[in-house]
Amino acid sequence: MSDAYSPIPELNALKEFEDSLGGQFFAPGFEMFAYNDDLDWFCGDAPDAYLDRLIPFAYATGSGSYYALWRCDDRADLATLPVICFGDEGDLRVEACDLRGLFRLLAAEAEDPEDRDRVAPARRRYLAWLHQNFGITPTGDSDGEELAERTRRFAEWVSEFASGDLLDHVLGALGVDIPTPGRGAAL
């Protein structure tokens, strides 16, 4: 049995880096937890075939928001899957097109001065680690159009199993308008 955190080398490397910090945060609120933990609260009574398509791996905030990979297809390279952020106050967004996009976002400087000061030492180490291991800097190409397309596809996927109330919430949180079965265009 492997001692690896996950089957994804990029996540394993990030987990190893995070563990090397001895409890310091390199990005406000970001903290990895058990790979592929339970997501029942989001999907309710969705069949396991849908639940299995969401792979949670880290807290996004200190208040319970978290990141999950969305298995939008059956690709072998799980690091290229979209990253979804499930907010603790009901917000929902496709955060990044893939793990490297999330890594870049995590490198951004915190807006809150208190958070910025708290993570500064570990953030400097993260920036060096990120550049050394992946050649990524905090700034880079915008994934705007690709992110919008993945957001639309995520909303369409949720429409396959979500109850009306959940679907309305998801579409509102994502800010998309898609045709839904039996209801015409979503509001």
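Just the heavy atoms: all of them, side chains too, but no hydrogens, waters or symmetry mates, feed the values below.
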Engineer: Identify the two heavy atoms, one from Ala96 and one from Gly101, that lie closest to each other, and give their separation to 0.1 Å.
Structural biologist: CB-C, 3.7 Å

Engineer: Please check if Val176 and Leu92 belong to a single hydrophobic cluster, counting links between Ile, Leu, Val, Met, Phe, Trp and Tyr side chain heavy atoms closer than 4.5 Å.
Structural biologist: yes

Engineer: Under the side-chain contact (heavy atoms from CB on, under 4.5 Å) test, which residues partner Arg71, sequence neighbours left out?
Structural biologist: Arg53, Ile55, Leu78, Leu81

Engineer: Do the side chains of Leu147 and Phe154 join up, straight or via other hydrophobic residues, at under 4.5 Å, putting them in one cluster?
Structural biologist: yes

Engineer: May I ask you to decide if the ring planes of Phe30 and Tyr67 are parallel, tilted or perpendicular, using 30° and 60° as cut-offs?
Structural biologist: tilted

Engineer: Checking Glu16 now: which residues fulfil side-chain contact (heavy atoms from CB on, under 4.5 Å) with it, not counting sequence neighbours?
Structural biologist: none

Engineer: According to side-chain hydrogen bond (donor to acceptor under 3.5 Å, both in side chains), does anything in residues 20-35 pair up with another residue at least two apart or in another chain? List the pairs.
Structural biologist: Ser20-Arg125

Engineer: Determine yes or no for a side-chain-to-main-chain donor-acceptor pair under 3.5 angstrom, with Glu18 supplying the side chain and Met32 the backbone.
Structural biologist: yes

Engineer: Measure from the ring center of Phe33 to the ring center of Tyr59 and say whether it is less than 6.0 Å.
Structural biologist: yes

Engineer: Are Ser65 and Asp88 linked by a side-chain donor-acceptor pair shorter than 3.5 Å?
Structural biologist: yes

Engineer: I'd like to know if Arg153 pairs up with Glu156 as an ion pair, taking the criterion as any Lys NZ or Arg NE/NH1/NH2 lying under 4.0 Å from an Asp or Glu carboxylate oxygen.
Structural biologist: no

Engineer: Do Leu105 and Trp129 belong together in a cluster built from hydrophobic side chains that touch within less than 4.5 Å?
Structural biologist: no

Engineer: Identify the two heavy atoms, one from Arg150 and one from Pro82, that lie closest to each other, and give their separation to 0.1 Å.
Structural biologist: NH1-CG, 3.5 Å

Engineer: List the steps and the verdict of salt bridge (Lys or Arg N to Asp or Glu O under 4.0 Å) for Asp73 and Arg75.
Structural biologist: CA-CA 6 Å; Asp73 53 33; Arg75 68 185 73 180; 2.7 Å; yes

Engineer: Could you tell me which non-hydrogen atom of Ala79 sits nearest to which non-hydrogen atom of Asp98, and how far apart they are?
Structural biologist: O-CB, 3.4 Å

Engineer: Between Asp112 and Arg116, does any side-chain N to carboxylate O distance fall below 4.0 Å?
Structural biologist: no

Engineer: Under 4.5 Å between side-chain heavy atoms, counting indirect links through other Ile/Leu/Val/Met/Phe/Trp/Tyr residues: same cluster for Leu167 and Trp70 or not?
Structural biologist: yes

Engineer: Is there a chain of hydrophobic side chains (I, L, V, M, F, W, Y, each step under 4.5 Å between heavy atoms) that links Phe103 to Leu127?
Structural biologist: no

Engineer: Would you say the ring centers of Phe26 and Phe17 fall short of 6.0 Å from each other?
Structural biologist: yes

Engineer: Does the side chain of Arg93 come under 3.5 Å of the side chain of Thr151 through a donor N or O and an acceptor N or O?
Structural biologist: no

